[in-house]
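For reference, the structure discussed in these notes is given below.
Nothing here was measured: the structure is a model prediction, and the numbers come from that model. As the structure lists them, so they are numbered: ligands from 1, and atoms in each ligand from 1. We're numbering straight along the sequence, starting at 1.
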Amino acid sequence: MQQISPPPEQITPTAEIATATHGGRAKCLQRLVRMDLPVPRTVALSFATVHKIAAGEMPDMKALLAPFGDQPLLCVRPSSEDPDWGGPGAVLNVGMNDALYADLCKKIGTEAATAVYMRFVQGYAIHVARLDPDMFDGLSLEGHEGLRQVLDAYEDETEEPFPQDPEVQLSGVLRSMARAWEGTTARLLRQAKGAPADAGLGLVVQEMALGLGKGECGSGVIQLVSSATGLPRVTGRYLSQSQGRDALRKEGASIYLAKDPRGPSLEDLAPEAFAQLIDYTRQMRIRLREEMQTEFAIENGQVHVLDGVRIRRSSRAAVRIAVALAEDGIIPKEEAILRVEPRAATEMLHRQVDPDVPREVIARGIAASPGAAHGRVVFSSTAAQAAAARGELCVLVRRETTPEDIRGMHASAAVLTERGGITSHAAVIARGLGLPCVVGASDMKVNLRRNTVAMADGRVLKEGDAITIDGTNGNVISGEAPLLEAAQDDAFQMLMSWADDLRDIGVRANADTPADAKIARDFNAQGIGLCRTEHMFFDPGRLTVMREMIFAAEEADRQSALDQLLPMQRNDFVELFRIMQGHPVCIRLLDPPLHEFLPSDRDGIRSLAEALDRPLSDVERRIEEMSEYNPMLGLRGVRLGITMPEIYDMQARAIFEAVLEASTEGAAVVPEIMIPLVSAKREVELVKNRVEAVAAAVRTTSGRNFNYRLGVMVETPRAALRAGEIAPHAAFLSFGTNDLTQMTYGLSRDDAGRFMQTYVHQGVFPEDPFHMLDAEGVGELLKIGADRGRNARKDLVLSICGEHGGNPESIAFCRAAGFDYVSCSPFRVPVARLAAAQLAVRDRLKFAD
Ligand code: PEP
Ligand code: MG
């Protein structure tokens with residue numbers, strides 16, 4: 001169907017102008033006109049008209065120019081549907097010619113008129129006639145003589161005098177802007193920002209208010225809140241004609257807007273105009289339901305409103321602006337919730353690299369844990385701990401981390417690894433600790449013998465060199481980049497409390513330690529969805545006992561080591577239960593292969609031999625015996641529980657005894673016990689029988705009763721497929737999407753980082769599936785598991801606890817599939833709460849429609 005383009009319309013309160021046909025700027029100007037603000041006369045060209053112009057079909061130029069009188073002086077600005085899609089730059093002073101110049105010399109003085117004409121000729125030459133910008137090099141660009149030279153230079157290059165007819169000038173400007181928009185580079189750029197391939201461009205042609213003349217004249221922009229914080233503050237920029245021509249040329253040479261002890265202000269120079277601008281900007285906030293920046297010109301003390309744009313804002317400011325608009329009754333709370341990008345919540349919780357300061361990126365990897373930190377490079381946990389003891393910030397750089405690095409990670413400000421993906425050890429632990437972390441930076445090479453790391457550009461960092469880790473973007477930056485502080489302020493808390501009132505899916509945290517649990521509570525997690533108990537054994541004091549248990553050849557020796565571990569585990573759980581104050585705590589029984597607790601380097605093996613008082617060869621033999629070709633698919637998870645049931649017995653006892661201890665003090669604790677890596681119903685039956693026996697024994701010896709819930713972690717495709725027969729034995733199913741992704745793809749979560757970037761770049765995977773839930777494949781298993789489980793057991797509680805749990809996209813998926821809650825790293829809890837609330841609000845809006 002052929003599109004009929006409406007003729008260019010003057011913007012009046014009733015003109016037919018819409019964002020979808022004329023762009024956001026045209027629509028906004030119409031709103032300002034409807035508010036009766038002093039907007040200079042403006043004509044809007046629709047997308048269809050501009051599209052035709054690009055194809056060589058001009059609109060009726062006489063009609064277009066008619067509203068602007070005999071001597072028009074105009075500016076042309078782009079008006080796309082979404083301002084973020086960009087567009088050609090504005091062209092000012094269209095219509096400037098010799099006659100108008102002579103006129104303006106009288107009105108605003110020769111100097112100002114010359115500057116205006118000269119700027120227009122230069123802009124026209126470069127953007128419309130497409131001449132080389134160098135052509136003006138060496139010209140004086142001063143006064144009347146300078147103008148002559150510029151006009152002559154134009155004529156020399158084009159072999160035509162500079163066009164004097166405003167119609168010719170305007171046609172040229174419109175054509176060049178329309179064609180710039182349709183060019184391939186511009187199209188690709190805006191598509192990268194989310195614009196559809198056929199996004200249209202509107203143009204607005206507006207009478208110029210020069211801000212030059214008699215009395216107070218000038219131009220600028222004004223806004224009522226700070227773009228960095230969102231707090232009330234009159235800011236912007238004002239260039240007064242009284243500052244002279246040089247100042248007009250120089251960017252940033254402005255005077256203050258509101259009264260300021262440091263220098264003159266618009267408020268001093270033109271108090272009435274200033275008051276009017278404040279009033280107009282306030283009115284815009286109310287009528288346009290947005291915090292706006294007013295672009296204005298002042299002529300002889302009189303204000304002209306040239307444009308209104310949504311103010312630029314940091315994440316922190318976005319939150320405060322949305323909350324303030326809702327608190328002032330300008331927008332509903334639901335809309336405030338929708339206006340904040342959930343990932344902005346991440347920025348609020350962590351320090352960030354200051355985006356306005358230039359930085360030198362020396363390596364890139366996977367952004368594994370958000371936030372930024374700088375410190376001196378260290379290559380071992382010991383060096384990290386030594387640095388921390390000296391009070392120095394350090395960044396732990398490793399090929400990959402192992403459980404032995406836990407203390408080093410605790411001591412570091414950030415972590416960087418050459419290998420690993422989004423669910424590698426380094427990534428998971430760093431997220432739990434809230435440490436910025438970049439993993440899989442495979443273009444750098446760590447040399448542990450020399451304690452150096454070679455970067456792709458050839459530079460070699462050694463211990464003590466300063467670097468900055470940007471875990472939000474995956475960048476490694478040379479030196480100490482300036483950082484912006486985290487901000488969990490009152491506005492943020494308010495927004496989150498509204499989000500909690502609105503959302504309809506639970507949000508818990510993955511928390512293994514009391515420190516994690518405290519953070520989880522501070523972020524209002526509704527419980528712990530995954531407590532990985534193995535992390536409780538990596539503490540050096542416990543690691544030794546754990547290793548004794550692993551080395552025990554006799555049943556009695558193993559039991560004795562477990563007896564020592566029991567009170568330690570019990571204390572851990574008591575503390576978790578206390579912190580969580582009656583909120584559910586889901587404890588996962590031991591998951592990893594036991595050899596992960598054994599040392600891997602020579603020094604570690606030697607000191608273990610000393611601790612166990614055994615020959616080195618014994619220790620080496622045992623490590624050798626326990627090593628597996630595929631440990632991730634070997635003796636781990638419930639397989640440990642089946643082959644060495646005493647370990648799970650000890651953990652169950654520790655949980656029940658802790659319940660009794662913690663329940664005497666406050667809210668009754670109902671623990672959840674989760675069996676990892678299940679693939680068959682019989683595994684669940686066996687573990688369940690033993691856990692029930694332990695519970696009965698603890699009830700008998702204590703003479704007290706307690707409840708608990710036993711559930712299954714669905715991490716193997718088989719468990720998802722067989723959920724129908726597993727569910728009758730489980731109160732809940734929690735989908736561990738890290739392992740489930742690994743096993744569905746047959747893709748090692750620890751090695752994927754090596755080639756993931758290539759895979760994503762070549763479009764094999766749209767995204768790293770360890771980062772973004774693969775809705776088609778892994779997601780189908782989730783749906784199958786959930787459906788079959790729920791069909792078999794109506795009250796089955798469903799959740800996700802893999803790293804995907806904190807992603808807005810996975811939350812949408814789980815909510816749609818009827819899950820009860822998601823569980824994610826504590827620092828991602830606020831993002832999840834906000835994302836969940838947005839889903840609920842969007843659903844309500846759809847429903848209301
Ligand atoms: C999972 O596999 O998704 C999970 C949460 O467990 P872990 O990451 O500890 O293997
Ligand atoms: Mg797992």
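Of the N and O atoms on the side chains of Glu400 and Ser424, not one donor lies less than 3.5 Å from an acceptor on the other residue. For Gln569 and Gln651, the side-chain atoms include at least one donor-acceptor pair closer than 3.5 Å. Side-chain N/O atoms of Thr401 and His425 include a donor and acceptor closer than 3.5 Å.
Counting just the N/O/S atoms of Glu715, the one with the shortest distance to the Mg ion (ligand 2) is named OE2.
The environment of CD in Glu628 is crowded: more than 12 heavy-atom neighbours from other residues, nucleotides or ligands sit within 6.0 Å.
If you look at Leu530 next to ligand 1, the close heavy atoms, those under 4.0 Å, all belong to the side chain. Contact annotation: for Met743 versus ligand 1, there are no heavy atoms closer than 4.0 Å. The part of Thr737 lying near ligand 1 is the backbone, judged by heavy-atom distances below 4.0 Å.
By the 30° and 60° cut-offs, the orientation of the rings of Phe827 relative to His350 is tilted. Aromatic ring orientation, Tyr708 versus Phe656: tilted (interplanar angle from 30° to 60°).
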Assess whether salt bridge (charged side-chain N to carboxylate O under 4.0 Å, His left out) is satisfied between Arg542 and Asp572, documenting all intermediate values. CA-CA 12 Å; Arg542 299 175 181 201; Asp572 290 330; 2.5 Å; yes
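Considering backbone and side-chain atoms together, Leu740 places no N or O closer than 3.5 Å to any N or O of ligand 1. Residue Glu715 has at least one N or O atom closer than 3.5 Å to an N or O atom of ligand 1.
Taking 4.0 Å as the cut-off between side-chain N and carboxylate O, Glu672 and Arg508 count as a salt-bridged pair. Between Glu780 and Lys783, none of the side-chain N atoms (NZ, or NE/NH1/NH2) sits under 4.0 Å from a carboxylate O, so this pair counts as no salt bridge.
Residue, atom and distance of the protein heavy atom nearest to atom 4 (C) of ligand 1 are Met713 CE, 3.3 Å. Looking at atom 6 (O) of ligand 1, its nearest protein heavy atom turns out to be Arg588 NH1, 2.9 Å. With hydrogens left out, the protein atom closest to atom 9 (O) of ligand 1 is Arg532 NE, 2.7 Å, a heavy atom.
Listed by number with element, the atoms of ligand 1 under 4.0 Å from a non-hydrogen atom of Gly736 are 1 (C), 2 (O), 3 (O). Each of the following atoms of ligand 1 lies closer than 4.0 Å to a heavy atom of Arg749: 2 (O), 7 (P), 8 (O), 10 (O). With ligand atoms numbered from 1 in the order given, ligand 1 contributes 3 (O), 5 (C) to contacts under 4.0 Å with heavy atoms of Gly802.
Listed for the Thr472 side chain is no donor-acceptor partner under 3.5 Å among the backbone atoms of Pro370.
Not close to ligand 1: Glu803, with no non-hydrogen atom less than 4.0 angstrom away.
Heavy-atom proximity to atom 3 (O) of ligand 1, evaluated over Asn510, Asp512, Asn738, Val428, is greatest for Asn738.
Asp739 lies close to the Mg ion (ligand 2), since one of its N, O or S atoms is found at a distance under 2.8 Å.
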